[in-house]
Amino acid sequence: MIGQLKNKSLADLKLVNSLDSLEEWRVNYLGRKGELTKILRSIGSLPDDQRKKIGSESNLLRVLLEDQYKKIKPKLESNLSVYSSVDITLPGRKDHIGRLHPITSIIREISSAFADMGFNIVEGTESEIEHYNFDLLNIPFDHPARDQWDTIWLDRPNRKDNLLRTHTSPMQARIMENTEPPIRVITPGKCYRYEATDSTHEWHFHQIEGLVVGENISFSDLKGTLYEFAKRIFGSDRKVRFRCDFFPFVEPGVDMSIDWKGDWIEILGAGMVHPKVFQGVGYDPDKYKGFAFGMGPERIAMLRYNIEDIRQFFSNDLRFLSQF
Ligand code: FA5
């Protein structure tokens, strides 16, 4: 009797496909007037020899059916929640697939050009202290060069010297303090300046700093490396211009511009590392020479992709961004 009931109840359970039909099944077998409940209630009136056997078999079956019920119920509920949260009558829409931001792509492209030339890649912090952003770069407190970078200062308890770095050059000293020459490294990252924006200036932008230090590094290494970089990014036909420039942490200093529709766009500042910078990090300036550069990936992306206004990169306009 119990065996037949077991087969029948399990066979019926296989037909259950909704919460309603599960409830019907439960009432049929486990409910107050259910078939198994009826047997359990009648046990007391059975003859002694059958009571024990039927009692334990029907109890085992009850446990089995209750277990099955508990397993199936959450499955049916979760199916229900999928259907209730998705409106399957809505017309299909195309998936929106994201892509890399053009500045991320250009930073990766430039980084891989330098990696091919044997440079390591290191990242630094965007929050800096005056010591690295200015002092170790030979920019003393009262030096007029500090005025070139109107700075965004950070309001920190017990610290008055915290700022958002105005350039990636502080990484020069941080790297030299922790490394022995020879050094050949680039450090990409974000910078911030409190300045008015225009078509070639943003108040936050990226730079890629480069630093090479060794015993026999000369100005021709600097020019050769930067020409090679320009060739790899813009092709060998694009016109490149070097001019003298001043940065307190290099001597001599230059800037490099790229031809832009008959005019020039400056993409980087560079020069031979100033002896005072070497002294500041404990390097012997008579033994070591080096060059450094700091380039702007936004300007390079403008030149590569023919973008007239730098502010478009961070205006978050998908009509612009989805063209890359
Ligand atoms: C510097 O920031 C120096 N630290 C570069 C340097 C490094 C010189 C190592 C010598 C040795 P400058 O302010 O010129 O220099 O900026 C370097 C490049 O960053 C610029 O050529 C430009 O490509 C980019 N850049 C500077 N200011 C902005 C800005 N407001 N918006 C977008 N790009 C900028």
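Computation of the quantities below employed the complete heavy-atom set of this structure, encompassing side-chain atoms and omitting hydrogens, waters and symmetry-equivalent molecules. Counting starts at 1 for both ligands and their atoms, in listed order. Keep in mind it's a predicted model, so treat the numbers as computed, not measured.
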Side chain, backbone, both or neither: which applies to Ser169 and ligand 1 if a contact is any heavy-atom pair less than 4.0 Å apart?
side chain
In ligand 1, the atoms that come under 4.0 Å of a heavy atom of Val250 are 10 (C), 11 (C)
Inspect the contact between Arg304 and Glu109 and indicate whether a charged nitrogen and a carboxylate oxygen are less than 4.0 angstrom apart.
yes
Should the pair Lys223-Glu228 be classified as a salt bridge under the 4.0 Å nitrogen-to-oxygen rule?
no
Under 4.0 Å to a heavy atom of Ile310 - the qualifying atoms of ligand 1, by number:
32 (C)
Pairs of nitrogen or oxygen atoms closer than 3.5 Å, one from His167 and one from ligand 1: do any exist?
yes
One finds that the ligand 1 atoms under 4.0 Å from a non-hydrogen atom of Gln207 are 1 (C), 2 (O), 16 (O), 17 (C), 18 (C), 19 (O)
Closest to atom 6 (C) of ligand 1 among Gly253, Ala196, Pro297, Gly269 (heavy-atom distance)
Gly269
Heavy atom to atom 2 (O) of ligand 1, shortest distance: which of Arg299, Arg193, Glu209 holds it?
Arg193
Below 4.0 angstrom from a heavy atom of Glu266, which ligand 1 atoms are there? Numbered from 1 as shown, please.
14 (O), 20 (C), 21 (O), 23 (O)
So does Asp116 pair up with Arg232, basic N to acidic O under 4.0 Å?
yes
If the threshold is 4.0 Å, N to carboxylate O, is there a salt bridge linking Lys261 and Glu308?
yes
Tell me whether the rings of His101 and Phe313 are parallel (<30°), tilted (30 to 60°) or perpendicular (>60°).
tilted
Side-chain ion pair, Asp161 and Arg159, N-O less than 4.0 Å:
yes
Please write out which residues are connected to Phe205 in a hydrophobic cluster, directly or through intermediates, given that two of Ile, Leu, Val, Met, Phe, Trp, Tyr count as joined at side-chain heavy-atom separations below 4.5 angstrom.
none
Under 4.0 Å to a heavy atom of Gln172 - the qualifying atoms of ligand 1, by number
9 (C)
For Ile129, the hydrophobic cluster (side chain heavy atoms closer than 4.5 Å, chained through members) also holds Tyr132, Leu136
Please confirm whether Trp203 comes under 4.0 Å of ligand 1, counting heavy atoms of the residue only.
no
Short N-O contact, Glu35 and Lys8, less than 4.0 angstrom
yes
To which of Phe247, Phe293, Phe313 does the heavy atom nearest atom 15 (O) of ligand 1 belong?
Phe247
Numbered in order shown, the ligand 1 atoms found under 4.0 Å of a heavy atom of Glu195 are 29 (C), 30 (N)
Which of the atoms in ligand 1, numbered in the order shown and given with their element, are less than 4.0 Å from a heavy-atom of Thr200?
31 (N), 32 (C)
For Leu268, the ligand 1 atoms with a heavy-atom partner under 4.0 Å come out as 21 (O)
